[in-house]
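Remarks on the structure that follows.
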Amino acid sequence: MNNTSAIELRNVTRQFLSPDGKALTALRDFSMTVARGEFAAVVGPTGCGKSTTLNLVTGLFKPSAGEVRVMGEPVNGIDRRIGFVFQTDALFPWRNVIDNVVAGPIFRGMAKAHAYAEARDWLARVGLSKFEKLHPHQLSGGMRKRAALAQTFINKPEILLMDEPFSALDVQTRAVMHTELLKLWSENRASVVFVTHDLEEAIALADKVYVLTAGPATVKSVYDIKLPRPRNVADIRYDKNFIDISKQIWNDLKSEVQEAQARQTRAA
Amino acid sequence: MTSISPTFDATSAEALEAKAKAANTGYWRKVYFWRISLLVLFLGSWELAARTEVIDPFRYAMPSTIWARLVEWITEGTSEGPLWYHLWVTMEESLLGFFSGSIIGVIAGIALGRNKMAADIFALYIQLINSIPRVVLAPIFTVIFGLGLMSKVALSFVMVFFVVFANAFQGVREADKAMIANARILGASESQLTRSVIIPSALSWIFASLHVSFGFAIIGAIVGEFVGARYGIGLLISIAKGSFDAAGMFAAILIVMVVALIAEYLMTYIEGRFASWKPPVSQDVA
Ligand SMILES: Nc1ncnc2c1ncn2[C@@H]1O[C@H](COP(=O)(O)OP(=O)(O)OP(=O)(O)O)[C@@H](O)[C@H]1O
Ligand SMILES: [Mg+2]
């Protein structure tokens, strides 16, 4: 084992050109380090640049300035060690559940029989064994998310990027998904970056919480979450330490959220 | 705690299903009744108006003479030879035009949809050619390819190609960005991406265009036959026109209608087999 960090963004700036040709800065002088096996959560107001950060790590976007490193090497194209759970539904609607789950291994050249055996195994772990022949539109939102998790986890990513994966789910389903996610993570020990709007979700899951400023995003502050593991995600929000930390972080985040909202009303 | 009898739910579900089914058959019975009534009314008043000479039976013909002409063509053949041969020639031209046009249309649409530079280069020329009303090409094709099969296939081809091309192109452009990113990160190469994501998501667009374009293929073949041919349904119409045989023209049109309808049903069937994942329209049981 070497001790380079899993993900490293060094003074990254990313700009976009708007359709009318004006430059828009999404990230400015952004630095962040995620150690191997670490669970990092990123919170920040809407539109500040959270999805952009993840896309820089995948290699789908390139930084305008600065450097992005994955496992100690500069990012060059799409890295096979990365898994990504999308904010929106990204299952293939014309494939049934199991054909969605085998997509990754088969793209990567695994033999069919082997890939399907692994897919069955993953479907069992996320509790979808009985539904392998159904198509995504026949599943509930929570089942679709579990299928998406299986689709990503089957590639055994060393780095797992999640973009508000559970924001569309109801509170109960979300709690179930949190428990499942932590279980899968403790088995695989991937390095995770978990983007969310929900501060409590971030604290309950992560080792570190990054608070971003209203766009252009920079890291405003980083908090170490020292709550013991394994965590019971459903009950932890009533824990005294949890409440203290969330008050502290919320004070920090509040001003950024207000700033972002003020800008939106000004723009409208 | 009182326990709720489980049979209660079961009967109510069955009752609901039975009621929905009854309402459904009742509805369709009405639809069929009105469909048939309208047809009978239309044909009846046509026949009546022609017989009583409210409309000129010479120019408008009437259902009974059209039917008689159809029977004559089927049993004795036309003045130009057996009906089946003419039908076969028109079908051959249409099918060749349809398959060549749609296959090349799909390939071109996907290729340009995947390549922005090529799309921008060709866009102008495609727009230019597309703005020509297709049927005016018929005389040109007759001059270039002669009176035989090729000139009709060529016209059918251009009628089909542009519709299918435009739809395949649009389908590729509409492919969901998140889905493409997902496939890339899961490990898809460019060709795997095209095969497993781009083409399946463009398929519903392509099928929509295939639906209308078989009709266009037939139009192409028949217009081509008008302009100059030795065989075909278009030739029959042209000859009937020359001899003021209104019944013959309508009989030929009827044949084309039947063929186009059969093709339409076939296409719906094939589409149903391919796109089996599509969410069905749920029934409102209220
Ligand atoms: N492809 C793009 N082209 C142009 N501008 C973009 C693009 N992607 C993002 N942006 C801009 O960059 C900024 C940050 O976007 P980003 O999607 O990273 O926000 P976010 O923090 O993920 O927001 P949310 O929480 O609502 O998902 C926004 O102002 C957005 O308009
Ligand atoms: Mg986002």
Side-chain angles (χ1 to χ4, degrees), chain A residues 51 54-55 57-61 75 77-97 99-110 115 119 133-139 144 147-157 159-165, chain B residues 106 109-110 113-114 116-117 119-120 167-168 170-211 268-284:
Chain A
S51 299
L54 294 187
N55 279 314
V57 179
T58 61
L60 287 171
F61 289 176
V75 172
I78 288 163
D79 195 305
R80 297 211 147 195
R81 291 167 293 190
I82 290 178
F84 199 133
V85 181
F86 285 81
Q87 186 167 1
T88 50
D89 228 350
L91 293 172
F92 309 118
W94 52 85
R95 291 186 176 203
N96 65 26
V97 171
D99 289 338
N100 262 289
V101 176
V102 293
I106 286 183
F107 286 151
R108 291 167 184 221
M110 190 188 279
K133 288 280 182 282
L134 296 189
H135 284 85
H137 69 88
Q138 296 165 306
L139 304 177
R144 276 204 291 273
L149 286 186
Q151 188 185 49
T152 299
F153 273 90
I154 195 174
N155 277 334
K156 304 200 181 65
I159 291 177
L160 180 60
L161 308 174
M162 306 183 86
D163 193 354
E164 302 183 35
Chain B
V106 166
I110 289 171
R114 299 285 280 132
K116 184 166 163 20
M117 172 87 121
D120 286 336
N167 272 266
Q170 192 63 19
V172 169
R173 284 303 171 85
E174 301 277 315
D176 190 66
K177 297 286 173 293
M179 225 182 280
I180 292 174
N182 191 19
R184 283 219 163 97
I185 291 170
L186 288 174
S189 64
E190 282 303 303
S191 71
Q192 284 171 328
L193 189 66
T194 304
R195 267 181 292 131
S196 331
V197 181
I198 306 289
I199 293 179
S201 60
L203 215 55
S204 60
W205 285 78
I206 293 171
F207 268 118
S209 68
L210 293 186
H211 243 122
T268 311
Y269 174 75
I270 295 171
E271 186 178 10
R273 309 227 59 178
F274 263 93
S276 59
W277 60 272
K278 263 200 183 161
V281 182
S282 66
Q283 284 190 342
D284 191 358

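Within every chain, numbering begins at 1; the chains are lettered A, B, ... in the order of the sequence lines, protein sequences first and strands thereafter. Because only heavy atoms are used, hydrogens play no part in the values below, and waters and symmetry mates are left out as well, while side chains stay in.
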Taking C-beta and beyond as the side chain, do Thr152(A) and Ile185(B) meet within less than 4.5 Å on heavy atoms?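 Not touching, per the 4.5 Å side-chain cut-off.
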
Using a 4.5 Å cut-off on heavy atoms from C-beta on, say whether the side chain of Ser201(B) contacts that of Phe92(A). no

Reported NZ-to-CZ distance for the pair Lys177(B) and Phe86(A), which is rounded to 0.5 angstrom: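 Nearest 0.5 Å value for the NZ-CZ distance: 13.0 Å.
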
Can you tell me how far apart CZ (Phe107(A)) and CZ (Arg195(B)) are? Round to the nearest 0.5 Å. 9.0 Å

Give, as side chain, backbone, both or neither, the part of [X] having an atom under 4.5 angstrom from any heavy atom of chain B.
{"X": "Gln87(A)", "value": "neither"}
{"X": "Leu91(A)", "value": "backbone"}
{"X": "Ile154(A)", "value": "neither"}

For Gln192(B) and Ile106(A), work out which heavy atoms get closest and say how close.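 For Gln192(B) versus Ile106(A), the nearest heavy atoms are NE2-O, 4.0 Å.
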
Distance-minimising heavy-atom pair for Gly187(B) and Arg80(A):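 Smallest heavy-atom distance, with atoms named: O-NH2, 4.0 Å.
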
Which one, Ala90(A), Ala148(A), Gly59(A), leads in non-hydrogen pairs under 4.5 Å with chain B? Ala90(A)

